[in-house]
Amino acid sequence: MPLLKTVAAIAGLAMAGAAAASVDTSPKPGGVYKLKPGIYVQKGVSCGTAPNSAIRQYDGRGISDAHSRSCRARILSRRGEAYEVSQSCIDAGAGPAPRVVQRQVVTVPDALTFTMRTGRGASAYRYCPAYMLPAGMPGAAR
């Protein structure tokens, strides 16, 4: 019987460790849009294999893509879940570049999804947790 209790205790510890490892320690939703900060991928595209064109990053101040950074959204108006904003971003993923401004309508039905509409159309995005992102992507689990 003592061996059985030891095995049960070890199994219990292993399960507790697995539960602790799966605890979400990422930032809580908030900022301009009340979205969870992190990586978002276009709906219908896998988090682990998304091309740059399908990826957006929300940092609480704005939504950037692979070709922009330091984005800052200024809310012009809000109707329910829809925010009309003027967003300014540095127009390059890295290095010196000018800051550009674009008007957008961002609809946020919940803290893990949004739709962005610009003059070029609309796309819907969903949050991708770090463990689902490919290694090497900012925010991916190590």
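In this chain, residues are counted from 1 in sequence order.
Here the side chain of K36 pairs no donor or acceptor atom with the backbone of Y127 at under 3.5 angstrom. Between the side chain of R69 and the backbone N or O of A92, at least one donor-acceptor pair lies under 3.5 Å.
Grouping the Ile, Leu, Val, Met, Phe, Trp and Tyr side chains by contacts below 4.5 angstrom, directly or via other members, places V105 apart from V32. Tracing side-chain contacts under 4.5 Å through hydrophobic residues (I, L, V, M, F, W, Y), one reaches I75 starting from L35; they form part of the same cluster.
Using modelled atom types and a 3.5 Å distance limit, the side chains of T118 and Q104 yield no donor-acceptor pair. Side-chain N/O atoms of R103 and S86 include no donor and acceptor closer than 3.5 Å.
Crowding of R117 atom CZ: a count of heavy atoms from other residues, nucleotides or ligands under 6.0 Å not exceeding 12.
Of all heavy-atom pairs between P37 and P29, the closest is CD-CA, 4.2 Å. The heavy-atom pair separating S46 from V41 by the smallest distance is O-CG1, 4.1 Å. Closest non-hydrogen pair, R126 versus V45, comes out as NH2-O, 2.6 Å. Taking every heavy atom of both residues into account, S88 and V101 meet most closely at CB-CG2, 3.8 Å. A pairwise comparison of heavy atoms in L133 and C47 identifies CD2-O, 4.1 Å as the closest pair.
The distance from atom OG of S70 to atom CD1 of I90, rounded to the nearest 0.5 Å, is 4.0 Å. With values rounded to the nearest 0.5 angstrom, C89 atom SG is found 12.5 Å from H67 atom NE2. Atom CD1 of I63 and atom CD of Q87 lie 6.5 Å apart (nearest 0.5 Å). Rounded to the nearest 0.5 angstrom, D91 CG and S64 OG are separated by 12.0 Å. Rounding to the nearest 0.5 Å gives a distance of 6.5 Å between CD1 of I55 and CD1 of I39.
At a threshold of 4.0 Å, the pair R72-D59 counts as salt-bridged, since one of the basic side-chain nitrogens sits closer than that to a carboxylate oxygen.
Scored by the ring pair (Phe, Tyr, Trp, His ring centres under 6.0 Å) test, Y125 finds F114 as partners (sequence neighbours excluded).
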- Steps toward side chain to side chain contact (heavy atoms under 4.5 Å, CB included) verdict (V85, Y33): CA-CA 10 Å; V85 301; Y33 300 117; 3.3 Å; yes
- Query: Should K43 and T113 be marked as a side chain to side chain contact (heavy atoms under 4.5 Å, CB included) after you check the CA-CA gap, both sets of side-chain angles, and the distance that decides it?
  - Reply: CA-CA 9 Å; K43 286 188 177 179; T113 59; 4.0 Å; yes
- Message: Checking Y83 against V108 for the side chain to side chain contact (heavy atoms under 4.5 Å, CB included) test, could you report, in this order, the C-alpha distance in whole Å, the side-chain angles of both residues, the deciding distance, and whether it holds?
- Response: CA-CA 8 Å; Y83 299 79; V108 182; 4.0 Å; yes
- Query: Does the side-chain hydrogen bond (donor to acceptor under 3.5 Å, both in side chains) test come out yes or no for T107 and E81, once each step is laid out?
  - Reply: CA-CA 5 Å; T107 303; E81 301 173 342; over 6 Å; no
- Yes or no on side chain to side chain contact (heavy atoms under 4.5 Å, CB included) for R120 and Q102, after CA distance, side-chain angles and deciding distance? CA-CA 11 Å; R120 296 181 286 170; Q102 182 181 48; 4.0 Å; yes
